Colleague: 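Handing you a structure now.
Convention: sequence-line order gives letters A, B, ...; per-chain numbering from 1. Computed from a predicted structure; not experimentally measured.
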Number of protein chains: 2
Amino acid sequence: MDTKEKISHSDKKVPDDSRCPMTDFINIVSGKWAIPTLYRLIITDDIIRFGSLQRGIGGITQKELTKQLRTFESLGIVSRQEYPEMPPRVEYRITELGKTLKPTLDSLAQWMTEHRDELLANSRNNAS
Amino acid sequence: MDTKEKISHSDKKVPDDSRCPMTDFINIVSGKWAIPTLYRLIITDDIIRFGSLQRGIGGITQKELTKQLRTFESLGIVSRQEYPEMPPRVEYRITELGKTLKPTLDSLAQWMTEHRDELLANSRNNAS
DNA sequence: CTCTTTAGTATCCATTTGGAACCTACTGTT
DNA sequence: AACAGTAGGTTCCAAATGGATACTAAAGAG
């Protein structure tokens, strides 16, 4: 079958800005360890070393924490200060840009907190 | 090496409610087609049939749309009305619960819109 | 001389996610 | 008789994600 996109008569057009800000936002904070890492950095609100961050998050491997921190760093959400010592010392810190995420993340949390019971009730009913 | 979790002296304790509302929220709206699907349903704000929804989203396969709709349905975010006709007819619609997501999603979009330029500038600088 | 510490890399492997292409059922149309 | 249209289900496959483990460098402690 061909994959021609047939637009039916009843399909209403909708403004389609292909770079969707919601999707872009979700891409930043999705991934198994993004929120735990970000949360730790935000509530610490101070320099924190790699090892301490890893223990604070709990369960994250070095590989994943490094990858997540690199991502956040490239976005300017966290800063990274490396000291040329041995054993190595690297200090991470949430940036001002990173801190601006807090109110938005709080609103996510608030929605979830407000609707958790309803969601659970629905899930139970539909799990026939 | 053993995997004992050694808590160092400098690790400040943080309230660790293991069911994190932020993570739970993100789990609902992550996945490649969650936001596009939800967005279509919210702005339509009316009944919409499977095929029309699929064409409206654009690029999503039947399999993925079905899976996403089942997920939303089980959470009570969308409703599904099936008519025993041939050819089949199924009408989807955003629920009242689903609509309450809009302000929160708007706040995501707003953060992204406000900070997109800064994020892009950071990415370019760090892409050495 | 060996062990420990730190912040990573590198490898391998298992799981998850998502896309392409097929199939169905029943009716209406040509 | 063949084909289109709808809302999926099913199978196979490729890519992305994530976990476990081993390895590194250089200094200090015992």
Side-chain angles (χ1 to χ4, degrees), chain A residues 1-11 23 26-37 40-41 47-74 78-93, chain B residues 1-11 23 26-37 40-41 47-74 78-93:
Chain A
M1 197 220 278
D2 59 58
T3 39
K4 283 184 182 57
E5 309 253 329
K6 293 165 207 161
I7 306 295
S8 123
H9 160 68
S10 68
D11 295 340
T23 299
I26 296 302
N27 283 341
I28 293 174
V29 293
S30 64
K32 185 168 180 182
W33 298 104
I35 291 287
T37 304
R40 259 284 153 171
L41 287 162
I47 56 169
I48 181 168
R49 297 183 59 182
F50 186 92
S52 176
L53 189 50
Q54 186 182 13
R55 285 185 300 272
I57 294 168
I60 192 173
T61 61
Q62 286 183 339
K63 193 184 84 173
E64 293 303 308
L65 181 53
T66 300
K67 188 171 54 166
Q68 187 61 69
L69 287 170
R70 292 283 186 279
T71 301
F72 284 155
E73 191 197 354
S74 79
V78 304
S79 66
R80 177 178 189 276
Q81 177 66 27
E82 184 179 354
Y83 298 88
E85 306 171 356
M86 201 56 64
R89 178 162 61 106
V90 180
E91 291 174 347
Y92 292 94
R93 187 200 294 260
Chain B
M1 198 220 274
D2 59 59
T3 38
K4 284 183 182 57
E5 308 254 332
K6 294 164 209 162
I7 307 296
S8 123
H9 161 67
S10 67
D11 296 338
T23 300
I26 297 301
N27 283 341
I28 293 174
V29 294
S30 65
K32 185 168 181 183
W33 298 105
I35 289 287
T37 305
R40 259 283 153 171
L41 287 162
I47 56 169
I48 182 169
R49 297 184 58 184
F50 186 92
S52 176
L53 190 51
Q54 187 182 12
R55 285 185 301 272
I57 294 168
I60 191 172
T61 61
Q62 288 182 338
K63 193 184 84 171
E64 293 302 308
L65 181 53
T66 300
K67 188 170 54 168
Q68 186 62 70
L69 287 171
R70 294 283 186 279
T71 301
F72 284 155
E73 192 198 351
S74 80
V78 304
S79 65
R80 178 178 189 275
Q81 177 66 27
E82 184 179 354
Y83 297 90
E85 305 170 357
M86 199 57 63
R89 180 162 61 104
V90 180
E91 292 175 348
Y92 292 93
R93 188 200 295 261

Colleague: Which whole-number value in Å describes the distance from Arg80(B) CZ to dT6(D) P?
Modeller: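 Between P of dT6(D) and CZ of Arg80(B): 16 Å.
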Colleague: At what angle, to 10 degrees, do the two end axes of the helix from dC1(C)-dG30(D) to dT30(C)-dA1(D) meet, given five pairs define each axis?
Modeller: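 Nearest ten degrees gives 30° for this helix.
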Colleague: Distance check: side-chain N/O of Arg89(B) vs OP1/OP2 of dG8(D), anything under 4.0 Å?
Modeller: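 No, outside the criterion.
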Colleague: Heavy atoms within less than 4.0 Å of DNA chain C: which residues of residues 63-74 of chain A have one? Give them sorted by number.
Modeller: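 Those residues whose heavy atoms fall under 4.0 Å from DNA chain C, taken from residues 63-74 of chain A in numerical order, are Lys63(A), Thr66(A), Arg70(A).
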Colleague: Mind calculating the distance between CZ (Phe50(A)) and C1' (dA7(C)) to the nearest angstrom?
Modeller: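 It is 6 Å, rounded to the nearest whole Å.
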Colleague: Between dT6(D) atom P and Arg55(B) atom CZ, what is the distance in whole Å?
Modeller: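 Those two atoms, CZ and P, are 6 Å apart.
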Colleague: Measure across Ile28(A) and Ala34(A) and return the closest heavy-atom pair with its distance rounded to 0.1 Å.
Modeller: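 Residues Ile28(A) and Ala34(A), closest heavy atoms: O-CB, 4.0 Å.
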Colleague: In chain order, what residues pass the side chain to side chain donor-acceptor pair (under 3.5 Å) check against Gln62(A), with sequence neighbours excluded?
Modeller: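 Partners of Gln62(A) by the side chain to side chain donor-acceptor pair (under 3.5 Å) criterion come out as none, since no residue qualifies.
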Colleague: Rounded off to whole Å, could you give me the CD-to-P distance for the Glu91(B) and dT6(D) pair?
Modeller: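 Computing the Glu91(B):CD to dT6(D):P distance gives 14 Å.
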Colleague: Can you measure Lys32(B) atom NZ to dT16(C) atom C1' for me and round it to whole angstrom units?
Modeller: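 Spelled out: NZ on Lys32(B) to C1' on dT16(C) is 15 Å.
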Colleague: What residues form a side chain to side chain donor-acceptor pair (under 3.5 Å) with Arg93(A), not counting sequence neighbours?
Modeller: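 Listed in chain order: nothing, the list is empty.
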Colleague: Between Gln62(A) (CD) and dC23(D) (C1'), how many Å, whole number?
Modeller: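 These atoms are roughly 11 Å apart.
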Colleague: Could you tell me which residues satisfy side chain to side chain donor-acceptor pair (under 3.5 Å) with Glu82(A), sequence neighbours excluded, listed by chain and number?
Modeller: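 Side chain to side chain donor-acceptor pair (under 3.5 Å) list for Glu82(A), sorted by chain: Arg80(A).
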Colleague: Lys63(B): which residues meet the salt bridge (charged side-chain N to carboxylate O under 4.0 Å, His left out) condition with it, sequence neighbours left out?
Modeller: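 Checked Lys63(B) against salt bridge (charged side-chain N to carboxylate O under 4.0 Å, His left out); zero matches.
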